[in-house]
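This report concerns only the one structure given below.
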Amino acid sequence: MQIRKARETGFCFGVKRALKILEEAIREYGEIETLGRMVHNQQMVDNLSKLGVRVVENLDHVRGNAVVIPSHGVRPQVIEELKARRLGIIDTTCPIVRKAQLTVKELSEKGFGVIIFGDPDHPEVKGMLGWAGERGIATLDAEVISKFDKLPRHLGLLSQTTRDPAQFAHFANDFISLFLPRIGELRIVNTLCDVCKRRQATAMELARKVNLMMVVGGRNSANTRCLAEVCSSIGVETHHVETAAEIEDNWLKGRGLVGVTTGTSTPDQVIQQVMVKLKKIKRSLDAA
Ligand code: F3S
């Protein structure tokens with residue numbers, strides 16, 4: 001059995017940047033609170049908690065004088081609320097997410113309705129939607145939009161940054177065939193993250209060559225889930241694991257080549273543990 005790791009793994013620049021800002025905040029404030037998780041990775045959240053980082057789900061739970069906004073960003077109303085409460089704001093919103101938010105804002109200010117291709121429950125999408133005021137909808141299914149009997153004449157269509165480009169194109173096609181006769185103008189803006197696009201492309205390239213793919217990352221991580229979907233969509237057996245402990249020996253029996261890829265919020269320490277475990281299983285299978 002051979003094991004091959006994808007060309008790019010581990011944190012993306014947006015996560016690295018956010019963690020660097022957080023480190024500086026820890027140095028300045030000691031204990032610090034983040035509004036939601038910094039990254040969708042339990043191991044990382046546990047590590048940060050040992051350094052004095054506390055996750056709060058809403059502003060009423062804030063005890064300190066300053067709050068960290070995670071890389072997923074927040075609604076503008078949250079920023080206003082933080083200012084009204086005179087809390088310090090340490091903003092780690094990823095520049096790619098910020099650009100998507102500002103695109104939503106600009107479209108909305110020009111009178112466009114905004115449709116976001118994304119998971120309505122994901123913090124990044126909730127944040128983006130907030131920049132559309134009353135003029136936004138987030139969904140993964142174009143059919144859902146038919147529930148709104150009055151569509152604005154001018155519409156902007158964007159994506160959650162971590163989505164698969166092929167799925168976004170598919171959604172845009174569905175939208176056009178269902179609704180184009182009912183609207184006057186449609187602007188499609190590419191808000192997809194290049195890091196995710198590259199990682200999906202290299203994961204697919206690897207998945208085509210191997211007998212089994214291992215996708216390592218948080219279960220709630222949108223980009224990790226997307227990687228697992230694109231790998232399994234090409235027909236290769238794919239396992240999404242959060243930690244090395246979840247890997248079962250029998251998955252690897254009789255496999256010639258195993259591929260490994262990771263989400264953009266998966267810590268190097270977790271990737272190393274996965275590689276160590278895979279090599280250990282390989283040794284025992286080779287010896288059998
Ligand atoms: Fe930003 Fe893309 Fe990472 S949106 S946080 S660089 S996955």
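First listed ligand is number 1; within each ligand, the first listed atom is number 1.
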Hey, is Thr264 one of the residues with a heavy atom under 4.0 angstrom from ligand 1? yes
Could you tell me how the ring of Phe168 sits relative to the ring of Phe117: parallel (under 30°), tilted (30 to 60°) or perpendicular (over 60°)? parallel
Checking side chain to side chain contact (heavy atoms under 4.5 Å, CB included) for the pair Lys282/Leu252: CA distance, chi angles, key distance, verdict? CA-CA 8 Å; Lys282 169 185 156 45; Leu252 307 171; over 6 Å; no
the protein heavy atom lying closest to atom 2 (Fe) of ligand 1 turns out to be Cys193 SG, 2.3 Å
Of all the atoms in Cys12, is at least one N, O or S atom closer to atom 1 (Fe) of ligand 1 than 2.8 Å? no
Would you check if Gln200 and Leu227 make a side-chain contact, meaning some heavy-atom pair closer than 4.5 Å? yes
Using a strict 4.0 Å cut-off to heavy atoms of Cys94, name the atoms of ligand 1 that fall inside it. 1 (Fe), 4 (S), 5 (S), 6 (S)
Quick check against the 3.5 Å criterion: does Glu124 have a side-chain atom that pairs as donor or acceptor with the backbone of Gln160? no
Answer side chain, backbone, both or neither: which part of Cys196 comes under 4.0 Å from ligand 1, heavy atoms only. side chain
What atoms of ligand 1 come within less than 4.0 Å of a heavy atom belonging to Thr161? 4 (S)
Going by atom types only, do Arg37 and Gln42 share a side-chain donor-acceptor pair under 3.5 Å? yes
